**Student:** 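Let me begin by handing over the structure; questions about it come next.
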Amino acid sequence: MSLSRNRGTLGDRIKRRVIVTSALPYINGMPHLGNLVGSMLPADIYSRYLQMAGVEHIFICGSDQHGTPIELSAIRNGIDTEKFADSMHERTKNALLNMECDFTYYGKTHTEQNKRVVYRIFEALDRNGYISEEEVMQAYCLLDMRFIPDRMIEGICPYCGSAHARGDQCDDCGRLLDPQEIVGPKCSICGKSEIEFRKTKNLAIELPMLSENIKDFIRSIEQNVSKNALNKTTSYVDAGLKSRQITRDLKWGFKVPKKGFEDKVFYVWFDAVIGYIGITMEWNEALGEEYWTDTNTELVQFMGKDNIEFHTVIWPAILEGSSIGYIKPTRIMVYEYLISGKIKFSKSRGVGLNIENALDVMGAEYWRFVLSYLLPETSDMDFSVELIFEVVNKIMNDKIGNLVNRAFTISSKNRALLSGNSLREITGRKIREKLGIYRNDFENVRMREALKQIVELADLGNEIMSVEKPWELAKAEDAEGFSKVMNDVLHICRCIGIMLWPYTPNASTYILRHFGIDGKPQIDELQKSMEFLPDDDIKPIFSKIGEREKNMLSGFG
RNA sequence: AGCGAGGUAGGGCAGCCAGGAGUACCCGCCGGGCUCAUAACCCGGAGAUCGGUGGUUCAAAUCCACCCCUCGCUACCA
């Protein structure tokens, strides 16, 4: 009956304190499903697990609001940049909340709190001698009267003659370019060619001075990062670190508090990574300081693979170089990409399946389940309409949803026969086994595998019902036999209800309500014996998707 | 080009680090069963030269070398 036997370590863990972060979405456009699957969703699921396991933690994310693309979008829309950034922040935040992301706090980077942390860290880096000045040639548009980032210079590729070369790279031949090589350079803001190259001075962080620290850091977490991330980091560091600029000639952003650089702002990536701390401070200064400076705090960061070096090299270098005592990451979770020939994800072009219009196709729980089931932990995931249908209809609905429905229905209809809360030893052992693997998977941050344990539990429930035919026992009015079988199945359903909470919280809540569990469940509650509460209005927890969804998804091709 | 990751039945994904017969798993397919449940569920079966070649070994999907294919990154997009 008790499920406690092989799990009594909760007491040891209760003292853990964890900061979970998701990469901050850049809000020039609505985050798409690839952004969600690579950072916010796994971070949310992990954070919900910690919540269930009773681990003290915070889950921090927020909007990355600075940078040229946002400033330009605001200009194009004729809106004040800050207003634009804030409105995109609100939209993104709402969409993420609609995706059932259960943040402790979802903030943004353009805040006084973040500015304070950025200044504090910058000044410490400067004081410690890690900031240098670099002079570079930068394109300047005489009409817009501003510097233009390399990427926003367009023109003809000097190598292949393509008319679509950009200042940093030619998309057609793939060659890396110097913006001064571009033939007929045009400013992509005004579209004119009134460009000249001017010298400008920017500040940089001297990563080479910190390379030993960085190497030590990487060694310290090598057990806690994926193979891909570790290898990329190693090759990046082994290739020899270079200084990296942290300021830009822009208006939008935090002004640089240093003589001679007052007309420049911090480069967006710099205040974005620091934003993890800044957003925590926006949430709660006192607790934030406590979390970020307690050397026992675990810092578990989730991101897509495009963000690796920022988190494994540059961010720890900033933290180390500032010597303020902020903790460094203890675990870095990197996800690969969702790729699809048919469904498009493109934030920069503003088309395709983003998290806002994905919710028009089907509910958050469906996306959360599908994306978790297909979580690209080790390799890119080919994400097809057929695969979405398979997972939703066959796995989520037929196996799990249908099991709960058939078990609840037959139990409610035959409530007079149902008594006690017995659990046969064989079933109890199987449940404990699955639960043990589930917990172990979560401790190792393998959410896709953990979800499979739930599916396998549903298989077990379905098998028990098919083999033992409780409907026949009900007809024979064999109360003892019926209770024996159905209590096993109901225990399985309750267990599924709890295990499902990180993935599909609403379905979980519905299931658990039938066992008298309200609110956020604790994994501990599996030890308690709770009886099924019959209900004359049993509803399926999931339903199938069909033509409507297929057409809508195809529409994003 | 360099670096990284992946290539395992029709599709999807484990296994590889610590070598021991490909009975993993999911979908699909074929055959049977069941009728509590959402045309759902259960049982059985077919289906793989483990990308290729060579090497190490008593033994290789697993270790080593080279090659082929796919994807990603390469520092001013964030």
Side-chain angles (χ1 to χ4, degrees), chain A residues 23-28 64 66-70 136 138-139 147-153 166-169 174-176 178-179 202 207 226-236 238-239 241-245 248-249 267-269 272-273 304-310 313-314 334 336-337 339 347-348 373-374 376-384 386-387 389-391 393-395 397-399 401-414 448-449 452 455-456 458-459 461-475 486 489 538-544:
Chain A
L24 308 187
Y26 193 67
I27 52 158
N28 188 34
D64 181 5
H66 291 145
T68 315
I70 286 173
V136 287
Q138 179 82 38
F147 284 99
I148 310 297
D150 292 355
R151 208 179 168 75
M152 309 222 120
I153 303 296
R166 288 178 305 184
D168 56 343
Q169 186 173 23
R175 246 187 122 124
L176 299 179
D178 188 303
N202 273 297
L207 296 177
S226 69
K227 192 160 77 169
N228 188 9
L230 187 63
N231 286 335
K232 278 182 88 160
T233 302
T234 308
S235 67
Y236 185 86
D238 288 348
L241 292 169
K242 297 178 193 165
S243 62
R244 189 155 182 139
Q245 290 181 26
R248 298 278 83 181
D249 289 285
Y267 200 165
V268 52
W269 65 260
V273 289
K305 65 175 160 183
D306 53 332
N307 244 321
I308 294 173
E309 292 89 343
F310 274 105
V313 177
I314 299 169
V334 174
E336 307 286 316
Y337 288 155
I339 51 174
K347 196 156 67 172
S348 56
Y373 196 81
L374 302 174
E377 286 173 340
T378 51
S379 62
D380 291 341
M381 165 61 59
D382 193 0
F383 192 61
S384 65
E386 291 74 21
L387 212 44
F389 269 67
E390 175 187 326
V391 175
N393 288 348
K394 305 302 296 185
I395 312 293
N397 182 73
D398 290 353
K399 279 180 188 285
N402 183 52
L403 171 70
V404 172
N405 190 239
R406 69 196 291 210
F408 279 14
T409 304
I410 195 171
S411 299
S412 292
K413 283 181 184 165
N414 298 285
R448 189 176 63 183
E449 286 307 306
K452 293 202 167 122
V455 178
E456 286 179 23
D459 286 339
N462 279 316
E463 183 192 331
I464 290 173
M465 286 195 69
S466 286
V467 172
E468 309 208 41
K469 301 181 172 45
W471 52 91
E472 286 182 1
L473 300 169
K475 268 176 208 152
M486 284 319 298
V489 177
I538 299 296
K539 293 189 194 87
I541 54 174
F542 305 124
S543 58
K544 291 199 189 216

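Predicted model only: the values in this text are computed from it and were never measured. Order of the sequence lines sets the chain letters (A, B, ...), proteins ahead of strands, with each chain counted from 1. Both backbone and side-chain heavy atoms feed into the values below; hydrogens, waters and symmetry mates do not.
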**Student:** With a 3.5 angstrom cut-off on both distances, give the Watson-Crick or G-U wobble partner of B:U49, or none if there isn't one.
**Tutor:** none
**Student:** Any base atoms under 4.0 Å from A:Lys539, or only sugar-phosphate, or nothing? Heavy atoms, all strands.
**Tutor:** nothing
**Student:** Say whether, by atom type as modelled, one donor and one acceptor occur between the side chain of A:Asn405 and the main chain of A:Gly401 under 3.5 angstrom.
**Tutor:** no
**Student:** State which of B:A37, B:U35, B:A78 makes the closest approach to the side chain of A:Thr409.
**Tutor:** B:A37
**Student:** Collect all protein-nucleotide pairs involving nucleotides 39-42 of chain B in which both atoms are nitrogen or oxygen and the distance is under 3.5 Å.
**Tutor:**
{"unit_1": "B:A40", "atom_1": "OP1", "unit_2": "A:Lys544", "atom_2": "NZ", "d": "3.1"}
{"unit_1": "B:A40", "atom_1": "O5'", "unit_2": "A:Lys544", "atom_2": "NZ", "d": "3.4"}
{"unit_1": "B:A40", "atom_1": "O2'", "unit_2": "A:Asn402", "atom_2": "OD1", "d": "3.4"}
{"unit_1": "B:A40", "atom_1": "O2'", "unit_2": "A:Asn402", "atom_2": "ND2", "d": "2.4"}
{"unit_1": "B:C41", "atom_1": "O2'", "unit_2": "A:Arg406", "atom_2": "NH1", "d": "3.0"}
{"unit_1": "B:C41", "atom_1": "O2'", "unit_2": "A:Asn462", "atom_2": "O", "d": "3.4"}
{"unit_1": "B:C41", "atom_1": "O2'", "unit_2": "A:Ser466", "atom_2": "OG", "d": "2.9"}
{"unit_1": "B:C42", "atom_1": "O4'", "unit_2": "A:Ser466", "atom_2": "OG", "d": "2.9"}

**Student:** If we call it a pair only when both distances are under 3.5 Å in a Watson-Crick or G-U wobble match, what pairs with B:C34?
**Tutor:** none
**Student:** Hey, does A:Leu230 reach any base, or is it just sugar-phosphate, or nothing, if we go heavy atoms under 4.0 Å?
**Tutor:** nothing
**Student:** Please tell me which of A:Asn405 and A:Glu377 maps to the more 5' nucleotide of RNA chain B, matching each residue to the nucleotide holding its nearest heavy atom.
**Tutor:** A:Glu377
**Student:** Output the rounded distance in Å from CZ (A:Arg448) to P (B:A24).
**Tutor:** 19 Å
**Student:** For A:Glu390 and B:G28, give me the distance from atom CD to atom C1', rounded to whole Å.
**Tutor:** 8 Å
**Student:** Pick the nucleotide of RNA chain B nearest each of A:Asn202 and A:Gly401; which residue has the one closer to the 5' end?
**Tutor:** A:Gly401
**Student:** Could you tell me how far apart A:Glu336 (CD) and B:U70 (P) are, to the nearest whole angstrom?
**Tutor:** 18 Å
**Student:** If I take atom CZ in residue A:Arg248 and atom P in nucleotide B:A75, what distance separates them, rounded to the nearest angstrom?
**Tutor:** 13 Å
**Student:** Using both distances under 3.5 Å as the test, list the Watson-Crick or G-U wobble partner of B:C16, or none.
**Tutor:** none
